[in-house]
Engineer: 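Take a look at this one; I'll ask things after.
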Amino acid sequence: MGAAVPKRAKRAQGLRFHHRCMTKLKPRSSLDTAAMKATLRTVLIYLVFASGWIALSDRLLFYIVPDADGHLFYGTLKGALFVVISGIMIYILLYRALSAGNRAQMERAQLLVREQSARARAEAASRAKDDLLAVVSHELRTPLTAILTSAEVLEQDPSLSDENRELAEMIRENVLQESRIVADLLDCSSLASGKLELRLARVDLHQSLAEAILDQRAEAAAKNIHITQHLAANPSFVRTDPMRVQQVLRNLLSNAIKFTPKSGSVTISTTNAGSTIAMEISDTGIGMSPDLCKRLFEPFEQGDNSITRRFGGLGLGLYLAKSIIRMHGGTLQGTSPGVGKGSTFRFELPVWTDQDHETKLDEPAQLKCEGMIVMLVDDNVDTLRALGRLLGRMGCTVMAARSGQQALQTAAREKIDLIICDIGLPDMSGWEVMRQINARQPVYGIAFSGFDSD
């Protein structure tokens, strides 16, 4: 047997060997499981062979150590045991690393399954919410439409007394307000799901403002609020969705009038600001605190409960206005010097240029109501009655159908000039009704629905 290796050197070699094994065998996501298993099998075979050789052989040929002169000589039993123990350690380390890698893979697989399950539940909840909103909107809009139409019919009745006409006007205005609340809720849902679409066109911002002021004239007159305009923007054409810019202007004007006390004032100004047109709407109303200005455009934000009780509403108008302006590539800001000192809202929209693409909107057909034969198709009796009276007052001959099949049978017998059809009929789609009728005879059609998802 040759000379023994010093204990301190062996201990140092063993520590370095163990450190290298621990460093290299840490579980990693890129660990090759097949190679690890093959290595484990090789080490196990080596350990079995070494153990058997030690037990059966008196000369440890498998363990050879060079001396100082470079000659080979057989190792000692202690050295052989060191090799075997080192192999066992390697086997244990490899096994632990493989087990850790398998556990990590199992945990990743479980996390993936849980994530997919959570996503599926979230998508199902989102679809259920959309379906619920669609049903709720239909159930709310259907009676609101009947009430609103009936109120308009009463207002046009020449035999109605002034007192009753005021009551009819009050009913119409309140129902219209409720309809807008429903529309705002549905718009919030569309924004959250990314389904709110814009139809960009060349719009005169000053003309849209005039229409919005006309729409708010009754509220302003009731509080004796004076509206002043300083329209300096020239040109005043912007790239926007006509319906959505009206919604923004209506919300901002409505808020300015609502939060301004009687005999107050609202000032509106426009200016050209480079590639945008800026509009400012200032009022002499209740103003805002600095804290409220920071969270002004959050949904359902109305300051404190006293404002909600005093002025009502859901606090969605400003949230929708900023979201719509942002979708157009513009900005909306709200500022106030303080409580009781009024507020100013400023928004900017891109100027219309000749290179902008305009969405072609269908030109509305010019129809004369006098003598026109109109078929109303709706399963709601109140809506049929209210719309029938309104159209009758306009000089139309009205026929009613409460189902798609009844509408098809009536259209086969009669010549129809116009079809006003609900989309959500009990037996078939309103689109299919109008398609089949139009295949027999060319006819104008108006489709409506209380379902937001249609």
Engineer: Check the pair Leu112, Arg108 against side-chain contact (heavy atoms from CB on, under 4.5 Å), reporting the backbone distance first and the verdict last.
Structural biologist: CA-CA 6 Å; Leu112 179 61; Arg108 286 194 297 270; over 6 Å; no
Engineer: Check Glu298 with Arg295, please: is the shortest side-chain N to carboxylate O separation under 4.0 Å?
Structural biologist: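 No, no charged N to carboxylate O under 4.0 Å.
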Engineer: Check step by step if side-chain hydrogen bond (donor to acceptor under 3.5 Å, both in side chains) holds for Gln247 and Asp187.
Structural biologist: CA-CA 11 Å; Gln247 183 178 1; Asp187 284 342; 3.0 Å; yes
Engineer: Check Pro261 against Ile225 and note the closest heavy-atom contact, atom names and distance.
Structural biologist: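 So the minimum-distance heavy-atom pair works out to O-CG1, 4.0 Å.
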Engineer: How far does CG of Leu209 sit from CG of Leu252, to the nearest 0.5 angstrom?
Structural biologist: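 Output value for this atom pair is 10.5 Å.
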Engineer: Are any non-hydrogen side-chain atoms of Asp283 and Val266 less than 4.5 angstrom apart?
Structural biologist: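 They are in side-chain contact.
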Engineer: Keeping the roles fixed (side chain from Asn174, backbone from Met170), state whether a donor-acceptor pair exists under 3.5 Å.
Structural biologist: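 Yes; at least one donor-acceptor contact below 3.5 Å.
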Engineer: Is the shortest heavy-atom distance from the side chain of Ile437 to the side chain of Met375 under 4.5 Å?
Structural biologist: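 Yes - at least one pair of side-chain heavy atoms lies under 4.5 Å apart.
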Engineer: Would Ser254 and Asn251 count as having a side-chain donor-acceptor pair, cut-off 3.5 Å?
Structural biologist: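 No donor-acceptor contact under 3.5 Å links the two side chains.
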Engineer: Looking at every non-hydrogen atom in both residues, tell me the closest pair between Gly388 and Val398 and how far apart they are.
Structural biologist: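 Heavy-atom minimum between the residues: O-CG2, 3.9 Å.
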Engineer: Rounded to the nearest 0.5 Å, how far does CG of Leu391 lie from CG of Leu376?
Structural biologist: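 Answer rounded to 0.5 Å: 5.5 Å.
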Engineer: What residue among Leu205, Ile324, Leu198 forms side-chain contact (heavy atoms from CB on, under 4.5 Å) with Val245?
Structural biologist: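 Going through Leu205, Ile324, Leu198 one by one, the side-chain contact (heavy atoms from CB on, under 4.5 Å) with Val245 is satisfied by Leu205 alone.
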Engineer: Treating Lys258 as the side-chain partner and Leu253 as the backbone partner, does any N or O pair qualify as donor plus acceptor under 3.5 Å?
Structural biologist: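 Judged by distance alone, no pair lies under 3.5 Å.
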Engineer: Are the side chains of Arg402 and Asp378 in touch, meaning some heavy atoms are under 4.5 Å apart?
Structural biologist: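 A side-chain contact is absent here, since even the closest heavy-atom pair is not under 4.5 Å.
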Engineer: Side-chain contact test, heavy atoms from C-beta onward, threshold under 4.5 Å: evaluate it for Leu332 versus Arg346 and give yes or no.
Structural biologist: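 No, every pair of side-chain atoms sits at 4.5 Å or beyond.
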Engineer: Side-chain contact, heavy-atom cut-off 4.5 Å: Ile420 with Val377?
Structural biologist: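 In short, these two side chains do not touch, never coming nearer than 4.5 Å.
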Engineer: Taking Thr260's backbone N and O only, do any of them form a donor-acceptor pair with Lys223's side chain (distance below 3.5 Å, no angle check)?
Structural biologist: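 It does hold such a pair.
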Engineer: Looking only at atom types and distance, does a side-chain atom of Lys322 sit under 3.5 Å from a main-chain N or O of Thr331, one as donor and one as acceptor?
Structural biologist: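 Judged by distance alone, no pair lies under 3.5 Å.
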Engineer: I'd like to check Met279 versus Ile268 (side-chain heavy atoms, cut-off strictly below 4.5 Å). Are they in contact?
Structural biologist: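 They are in contact (side-chain heavy atoms under 4.5 Å apart), so the answer is yes.
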Engineer: A quick test of your reading: do over 12 heavy atoms of other residues, nucleotides or ligands sit less than 6.0 Å from CD of Glu197?
Structural biologist: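 Counting other residues, nucleotides and ligands, CD of Glu197 stays at 12 neighbours or fewer.
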Engineer: Please round to the nearest 0.5 Å and tell me the distance separating atom CD of Glu219 and atom CD of Glu173.
Structural biologist: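 Between atom CD of Glu219 and atom CD of Glu173 there are 6.0 Å.
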Engineer: Look at Arg165 together with Glu155 and state whether they make a salt bridge at an N to O cut-off of under 4.0 Å.
Structural biologist: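 No, this pair does not count.
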Engineer: Mark yes or no for whether Asn272, through its side chain, and Pro235, through its backbone, hold a donor-acceptor pair below 3.5 Å.
Structural biologist: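 Side chain of Asn272 to backbone of Pro235, a donor-acceptor pair under 3.5 Å: yes, one is there.
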Engineer: Minimum heavy-atom separation for Ser343 to Gly287, with atom names?
Structural biologist: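 Nearest pair, atom of Ser343 first, then Gly287: OG-CA, 3.5 Å.
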Engineer: Output the distance between atom OG (Ser403) and atom CG (Leu408), rounded to the nearest 0.5 Å.
Structural biologist: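 So the gap between those two atoms works out to 8.5 Å.
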Engineer: Could you tell me whether Glu152 and Arg172 have a side-chain N and a carboxylate O separated by less than 4.0 Å?
Structural biologist: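 Judged by the 4.0 Å cut-off on N to carboxylate O distance, Glu152 and Arg172 do not form a salt bridge.
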Engineer: State whether a side-chain donor-acceptor pair under 3.5 Å links Thr240 with His328.
Structural biologist: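 Per modelled atom types, Thr240 and His328 side chains form a pair under 3.5 Å.
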Engineer: So which atom in Ser336 and which in Cys293 form the shortest heavy-atom distance, rounded to 0.1 Å?
Structural biologist: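 The answer is N-SG, 4.1 Å.
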Engineer: Quick one: does any side-chain atom of Asp427 pair with a main-chain N or O of Gln405 as donor and acceptor, under 3.5 Å?
Structural biologist: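 Yes; judged by distance alone, with no hydrogens or angles, the pair exists.
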Engineer: Any donor-acceptor pair under 3.5 Å linking the side chain of Thr276 with the backbone of Ala273?
Structural biologist: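 Yes: the side chain of Thr276 pairs with the backbone of Ala273.
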Engineer: Side chains of His230 and Thr267 only: does a donor on one sit below 3.5 Å from an acceptor on the other?
Structural biologist: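 Checked: His230/Thr267 side chains show no N/O donor-acceptor pair below 3.5 Å.
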Engineer: If you count the non-hydrogen atoms of other residues, nucleotides and ligands that lie under 6.0 Å from CE in Met394, is the total more than 12?
Structural biologist: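 For Met394, atom CE is not crowded (no more than 12 foreign heavy atoms under 6.0 Å).
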Engineer: Working to the nearest 0.5 angstrom, can you tell me the gap between Trp352 CH2 and Ser275 OG?
Structural biologist: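 If I round to the nearest 0.5 Å, the distance is 15.0 Å.
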Engineer: Verify side-chain contact (heavy atoms from CB on, under 4.5 Å) between Ser265 and Ile227, making sure each step is shown before the conclusion.
Structural biologist: CA-CA 6 Å; Ser265 63; Ile227 299 178; over 6 Å; no
Engineer: Does Ser150 reach the main-chain N or O of Ala146 with its side chain, forming a donor-acceptor pair under 3.5 Å?
Structural biologist: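 Flag set: sc Ser150 to bb Ala146 pair under 3.5 Å.
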Engineer: Under a 3.5 Å distance rule, please check whether Gln441 uses its side chain to pair with a backbone N or O of Ala411 as donor and acceptor.
Structural biologist: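 Yes, because the side chain of Gln441 sits within donor-acceptor range (under 3.5 Å) of the backbone of Ala411.
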Engineer: Is the side chain of Arg239 donor-acceptor paired with the backbone N or O of Arg202 at a distance under 3.5 Å, no angle test?
Structural biologist: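 Judged by distance alone, no pair lies under 3.5 Å.
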Engineer: Going by atom types only, do Asp291 and Ser289 share a side-chain donor-acceptor pair under 3.5 Å?
Structural biologist: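 Distance-only check fails for Asp291 and Ser289.
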Engineer: May I have the step-by-step check of side-chain contact (heavy atoms from CB on, under 4.5 Å) for Leu196 and Arg244, ending in yes or no?
Structural biologist: CA-CA 10 Å; Leu196 192 66; Arg244 294 302 176 183; 2.9 Å; yes
Engineer: Counting neighbours of CD on Glu163 that are heavy atoms of other residues, nucleotides or ligands and sit closer than 6.0 Å, is the number greater than 12?
Structural biologist: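 Counting neighbours around CD of Glu163, 12 or fewer heavy atoms of other residues, nucleotides or ligands fall under 6.0 Å, so no.
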Engineer: Measuring only between side-chain heavy atoms, which start at C-beta, is Ile277 closer than 4.5 Å to Glu348?
Structural biologist: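 Sidechains of Glu348 and Ile277: no contact.
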Engineer: Measure across Met288 and Thr335 and return the closest heavy-atom pair with its distance rounded to 0.1 Å.
Structural biologist: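 Reported closest heavy-atom pair: CE-O, 3.8 Å.
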Engineer: Looking at Asp215 and Arg217, is any side-chain nitrogen of the basic one under 4.0 Å from a carboxylate oxygen of the acidic one?
Structural biologist: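 No salt bridge links Arg217 with Asp215.
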Engineer: Work out which heavy atom in Thr145 is nearest to a heavy atom in Thr383; give both atom names and the distance.
Structural biologist: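 Thr145 and Thr383 have their closest heavy atoms at CG2-CG2, 4.4 Å.
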Engineer: Report the C-alpha separation of Met428 and Gln436 in whole Å, then their side-chain angles, then the decisive distance to 0.1 Å, and conclude whether the side-chain contact (heavy atoms from CB on, under 4.5 Å) test is met.
Structural biologist: CA-CA 11 Å; Met428 60 193 305; Gln436 292 189 28; 3.7 Å; yes
Engineer: If we only count heavy atoms from C-beta on, is the Phe237 to Val203 side-chain gap below 4.5 Å?
Structural biologist: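 Sidechains of Val203 and Phe237: no contact.
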Engineer: About how many Å separate CZ of Arg114 and CZ of Arg121, when rounded to the nearest 0.5 Å?
Structural biologist: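 That separation rounds to 10.5 Å.
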Engineer: So, are Arg119 and Glu123 salt-bridged, with charged N and O less than 4.0 Å apart?
Structural biologist: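 Not counted as a salt bridge, because no side-chain N and carboxylate O are separated by less than 4.0 Å.
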